[in-house]
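The structure appears below as structure tokens.
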Amino acid sequence: MTAFRIATILFAFIPLFFGVLGIFAGAAGAVPEPELYELPEITALDNQYRYLSGVYIGIAAMLFYSAGDVAGRALVFRMAVLAVFIGGLGRVVSYLSVGEPPIWQLGGMALELIAPVFILWQAKVIKSA
């Protein structure tokens, strides 16, 4: 159970990091040409980007919380992982409809798509406890 808790906490730092970064840096970090950042469409994108960065922080909080009681907070953990997985599916849709994102976002997509493995691990940990 300890290994699972540690893995959950480490996993939670990923959305926490990107959430905090996104709130403070905004969409500007994802726009390659700074002059594009002045377009009206980008302000809407930035607003949505910062909002979703806050959601990332909420998911991280759910993961941290669930690590404290693996069995008792299993549903919270599963819902957080489901949200991460659905976000990964959104990245797949973007990849297929808009094009290939930067490599670091591909890495994020890969982690998000394999996140349900954590649910299987959690079930095994709970069953063996």
Side-chain angles (χ1 to χ4, degrees):
M1 187 167 301
T2 301
F4 180 78
R5 283 187 172 144
I6 292 169
T8 299
I9 291 167
L10 292 174
F11 184 54
F13 276 110
I14 297 169
L16 178 64
F17 172 78
F18 285 107
V20 170
L21 181 67
I23 284 179
F24 288 105
V31 178
E33 294 91 17
E35 62 274 4
L36 292 178
Y37 195 69
E38 301 300 322
L39 298 174
E41 297 83 6
I42 300 298
T43 59
L45 173 65
D46 183 79
N47 186 281
Q48 186 69 11
Y49 191 88
R50 290 176 198 254
Y51 166 78
L52 292 173
S53 294
V55 173
Y56 271 10
I57 294 170
I59 290 171
M62 292 169 67
L63 292 168
F64 283 125
Y65 175 75
S66 68
D69 181 1
V70 175
R73 300 173 187 161
L75 183 60
V76 173
F77 177 82
R78 291 174 185 163
M79 296 305 292
V81 171
L82 176 64
V84 168
F85 177 72
I86 292 170
L89 293 177
R91 288 188 196 268
V92 170
V93 171
S94 175
Y95 187 130
L96 296 174
S97 61
V98 179
E100 186 173 340
I103 190 72
W104 64 272
Q105 288 179 328
L106 285 173
M109 181 174 65
L111 287 173
E112 292 156 356
L113 294 176
I114 64 167
V117 170
F118 273 95
I119 293 173
L120 298 174
W121 186 12
Q122 179 201 43
K124 185 177 177 180
V125 166
I126 290 171
K127 189 175 181 178
S128 68

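Basis for what follows: all heavy atoms, side chains included, without hydrogens, waters or symmetry-related copies. As the structure is a computational prediction, the values presented were derived from the model and not from experiment.
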Exercise for review: Please answer: with hydrophobic residues joined when any side-chain heavy atoms are less than 4.5 Å apart, are Val81 and Leu111 in the same cluster?
Suggested key: yes

Review point. Which pair of heavy atoms, one from Phe118 and one from Ala7, lies closest together, and at what distance?
Key: CE2-CB, 4.0 Å

Point to revise | Minimum heavy-atom distance between Trp121 and Ala3, given as atom pair plus value | key: CH2-O, 3.8 Å

Practice item. Would you check if Glu112 and Phe85 make a side-chain contact, meaning some heavy-atom pair closer than 4.5 Å? Key: no

Practice item. Answer yes or no: is there a side-chain heavy-atom contact under 4.5 Å between Leu21 and Ser53? Key: no

**Study point:** ILVMFWY network linking Ile119 to Ile6, side-chain heavy atoms under 4.5 angstrom
**Key:** no

**Study point:** Separation of Arg91 CZ from Leu96 CG (nearest 0.5 Å)
**Key:** 14.0 Å

Exercise for review: Start with the C-alpha gap between Val93 and Leu89, add the side-chain angles, then the distance that decides, and say whether side-chain contact (heavy atoms from CB on, under 4.5 Å) holds.
Suggested key: CA-CA 6 Å; Val93 171; Leu89 293 177; 5.8 Å; no

Check your understanding: Are Phe64 and Leu82 in one and the same hydrophobic cluster, where Ile, Leu, Val, Met, Phe, Trp and Tyr link if side-chain heavy atoms are under 4.5 Å apart?
Key -> no

Check your understanding: Got a second to check how far Met109's CE is from Ile103's CD1, nearest 0.5 Å?
Key -> 9.5 Å

Exercise for review: Search all heavy atoms of Val76 against all heavy atoms of Tyr65 and return the closest pair with its distance.
Suggested key: CG1-CD2, 4.1 Å

Review point. When clusters are formed by joining ILVMFWY residues with side-chain heavy atoms under 4.5 Å apart, either directly or through shared neighbours, do Trp104 and Val84 land in the same one?
Key: yes

Check your understanding: Do Ile57 and Ile23 come close enough that some side-chain heavy atom pair is under 4.5 Å?
Key -> yes

**Study point:** Beyond-backbone contact of Gln122 with Phe4, side-chain heavy atoms, under 4.5 angstrom
**Key:** yes

Point to revise | Ile14 side chain near Phe11 side chain, heavy-atom distance below 4.5 Å | key: yes

Exercise for review: Using modelled atom types only, decide if a donor and an acceptor are shared between the side chain of Asp46 and the backbone of Gly26 within a distance under 3.5 Å.
Suggested key: no

Review point. Shared ILVMFWY cluster between Met62 and Leu75, side chains joined below 4.5 angstrom?
Key: yes

**Study point:** Beyond-backbone contact of Phe13 with Phe18, side-chain heavy atoms, under 4.5 angstrom
**Key:** no

Exercise for review: Check whether any side-chain heavy atom of Tyr56 sits under 4.5 Å from a side-chain heavy atom of Leu16, and report yes or no.
Suggested key: no

Practice item. Could you tell me the separation between the CZ atom of Arg78 and the OG atom of Ser66, rounded to the nearest 0.5 Å? Key: 10.5 Å

Review point. Looking only at heavy atoms, which two atoms of Gly88 and Leu113 are closest? And how far apart?
Key: C-CD2, 3.7 Å

Exercise for review: Mind listing the closest non-hydrogen atom pair of Ile59 and Ala83 along with its distance?
Suggested key: CD1-CB, 3.8 Å

Practice item. State, yes or no, whether a side-chain contact exists between Tyr95 and Leu106 at a heavy-atom distance under 4.5 Å. Key: yes

**Study point:** Least distance between heavy atoms, Ala12 atom then Leu63 atom
**Key:** CB-CB, 3.6 Å

